[in-house]
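Presented below is the structure to which this report refers.
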There are 2 protein chains.
Amino acid sequence: MTARSSSETTRVIPEATVARLPVYLRALTALADAGIRTCSSEDLATAAGVNSAKLRKDLSYLGSYGTRGVGYDVDYLRYQIAREIGVTQDWPVVIVGIGNLGHALANYSGFRSRGFRVVALLDADPERHEEIVAGVPVRPFADLEAIAREHAVAIGVIATPAGSAQDVADQMVAAGITSILNFAPAVISVPDGVDVRKVDLSIELQILAYHEQRKAHEHARVDADDHGAAALAVGGDA
Amino acid sequence: MTARSSSETTRVIPEATVARLPVYLRALTALADAGIRTCSSEDLATAAGVNSAKLRKDLSYLGSYGTRGVGYDVDYLRYQIAREIGVTQDWPVVIVGIGNLGHALANYSGFRSRGFRVVALLDADPERHEEIVAGVPVRPFADLEAIAREHAVAIGVIATPAGSAQDVADQMVAAGITSILNFAPAVISVPDGVDVRKVDLSIELQILAYHEQRKAHEHARVDADDHGAAALAVGGDA
DNA sequence: TAGATTGTTAATCGATTAACAATC
DNA sequence: TAGATTGTTAATCGATTAACAATC
């Protein structure tokens, strides 16, 4: 009996699709809050900011939860996506590094409302161990393993400076954490089987700057060409 | 004379490459800080967390800045990438929404060090207009257009609740801002020519939760199969 | 039945990767 | 020259899109 022989069919959902499922979930929640019971793929796609072909293709990886000629039942589809993502269950989370960003993350209401429960805030600085942030006391970083084991924490958030990120990641892995959300501006390496996602504020701004610069060049180039055309017209008179 | 006739060759850099250039820039800065003057594509790829084939392919879109048999001059390559991204120049930025996250963003040192200068903090709440955050006074949201025009702001950051995001985006566009970094958990629509990037904290966690859940299922499945095999062995004795 | 809309197919597009000729 | 490493090619892979048969 091999793992492959299991009765459960392992659907493989493309990574690009996985990344959009939470967007659909949020859009469905907004529709439900607006009292809408049924929607077409076109409606939902608009609410989620994608085109309807992509939405239908994405949903097709989960199953057939719509009705041809009718559309989707908002609550039903919402539940199916939530179940697929795993947000119908509770996910204990620890945040390491309680500076400005750590504070903001600890206070972020969007976590708790989606099943993420901040069970501990950790910081290496003893000065911070008096603090209570968002109702949770800040504890020494050394307590990580005990806390992670006690609460069966699977997800850790790194909000430390870049220099500490790898060490924190190593300790998280040692404590049995297998998913890491890294806000530190540093590349961290982890063993196979551990997932890391990276959010980098200054990288996002730099990507925008690149496009902004291209727009500026494009305008300058068009302007220069306009002047060229004008000069040519004037030159014709000379 | 058409725009296409311009002497400047418009290199098209793939979006996936653009998103990695800031990562390379940061890795090169780290190498330079460590006193390293020259590096191979393998060295830099390791520092950036990608494979060397991808790195070389990415750099090839910018030009030929390496030396075969030798590698890359760290400072030279760093300058070329910085120029390509546009971070050799100064980018005035406004942040709208000075809650927990807005505070953290205003205080984030990684912005200023990369040429992003926070010229104004704006908030709709009059209670906040007394505050000074990171040396910058919080001003009324109504001042957006005047400030944006005065400082030629091209990039705006939205750190408001979801409900205000579209309105803020509209006002930003009206004020001449053409790049928006949106932290609000909402889809915003903008006219053509305006770039939007979205950072969504809870979506990142949900993506991790999906993979975490799959790992848990995988383990449960393998365990079940193991038990199945054990039962089969026992069954053979019955 | 007629109209509407899904789920799927197939074509296209873009990104990744390995391999290696070019060349220092 | 011999060894090292880039820049490029070509193959592969994955994601997107349009179109439409299936079906409510």
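By convention in this document, chain letters (A, B, ...) are assigned in the order of the sequence lines, proteins followed by strands, and residues within each chain are numbered from 1. All values below were derived from every heavy atom in this structure, side-chain atoms included, with hydrogens, water molecules and symmetry-related copies excluded.
B/Q206 places a side-chain N or O within donor-acceptor distance of the main-chain N or O of B/S202, the cut-off being under 3.5 Å. Between the A/R78 side chain and the A/V74 main chain, no donor and acceptor come within less than 3.5 Å of each other. No donor-acceptor distance shorter than 3.5 angstrom exists from the side chain of B/E145 to the backbone of B/Q171, with no hydrogens or angles considered.
Rounded to a whole Å, the CG atom of B/L55 is 10 Å from the P atom of D/dG7. Between the OH atom of B/Y61 and the P atom of D/dT9 there is a distance of 11 Å, given to the nearest Å. Between the P atom of D/dG14 and the CD1 atom of A/I13 lies a distance of 15 Å, rounded to the nearest Å. Taking atom CG of B/L62 as the reference point, atom P of D/dT8 lies 11 Å away to the nearest angstrom. Here C/dT5 presents its C1' atom at 13 Å from CG of A/L59, a figure rounded to the nearest Å. Distance, B/Q80 CD to D/dG7 P: 12 Å, rounded to whole Å. For A/D58 and C/dT8, the CG to C1' distance is 14 Å, given to the nearest whole Å. As a whole-Å value, the separation of A/L77 CG from C/dT6 P is 11 Å.
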Side chain to side chain contact (heavy atoms under 4.5 Å, CB included) between B/V50 and B/D58, intermediate numbers included = CA-CA 11 Å; B/V50 302; B/D58 283 340; over 6 Å; no
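Checked options B/Y72, B/Y79, B/Y76; the residue passing with B/Y65 is B/Y76 (criterion: ring pair (Phe, Tyr, Trp, His ring centres under 6.0 Å)).
When the salt bridge (charged side-chain N to carboxylate O under 4.0 Å, His left out) test is applied to A/R68, no partner is found at least two apart in sequence or on another chain.
B/N51 has no side-chain polar atom (N or O) that falls below the 4.0 Å cut-off from OP1 or OP2 of C/dT16. For D/dT5, the OP1/OP2 oxygens have no side-chain nitrogen or oxygen of B/S41 closer than 4.0 Å. Under 4.0 angstrom from either OP1 or OP2 of C/dG7 there lies at least one side-chain N or O belonging to A/Y72. Within the 4.0 Å cut-off from OP1 or OP2 of C/dT16, at least one side-chain nitrogen or oxygen of B/R20 is found.
Contacts of B/E42 with the nucleic acid, taken as non-hydrogen atoms under 4.0 Å apart, are absent.
Closest to the side chain of A/K57, out of D/dG7, C/dA10, D/dT8, is C/dA10. The nucleotide whose nearest atom lies closest to any side-chain atom of B/P14 is, among C/dA15, C/dT5, C/dC24, C/dA15. Looking at the side chain of A/A53, the nearest of the listed nucleotides D/dA18, C/dT6, C/dG7 is D/dA18.
Counting distance only, with no hydrogens placed and no angle test, the side-chain atoms of A/R68 and the base atoms of C/dT6 include a donor-acceptor pair under 3.5 Å.
Consecutive Watson-Crick or G-U pairing (both distances under 3.5 Å) extending over three or more pairs maps onto DNA chain C as C:3-24 with D:3-24.
Positionally, the nearest nucleotide of DNA chain D for B/R56 lies more toward the 5' end than for the other of B/R56 and A/V70.
Of the N and O atoms on the side chains of B/D43 and B/S40, at least one donor lies less than 3.5 Å from an acceptor on the other residue. Counting only N and O atoms by type, the side chains of B/S164 and B/D167 include no donor and acceptor under 3.5 Å apart.
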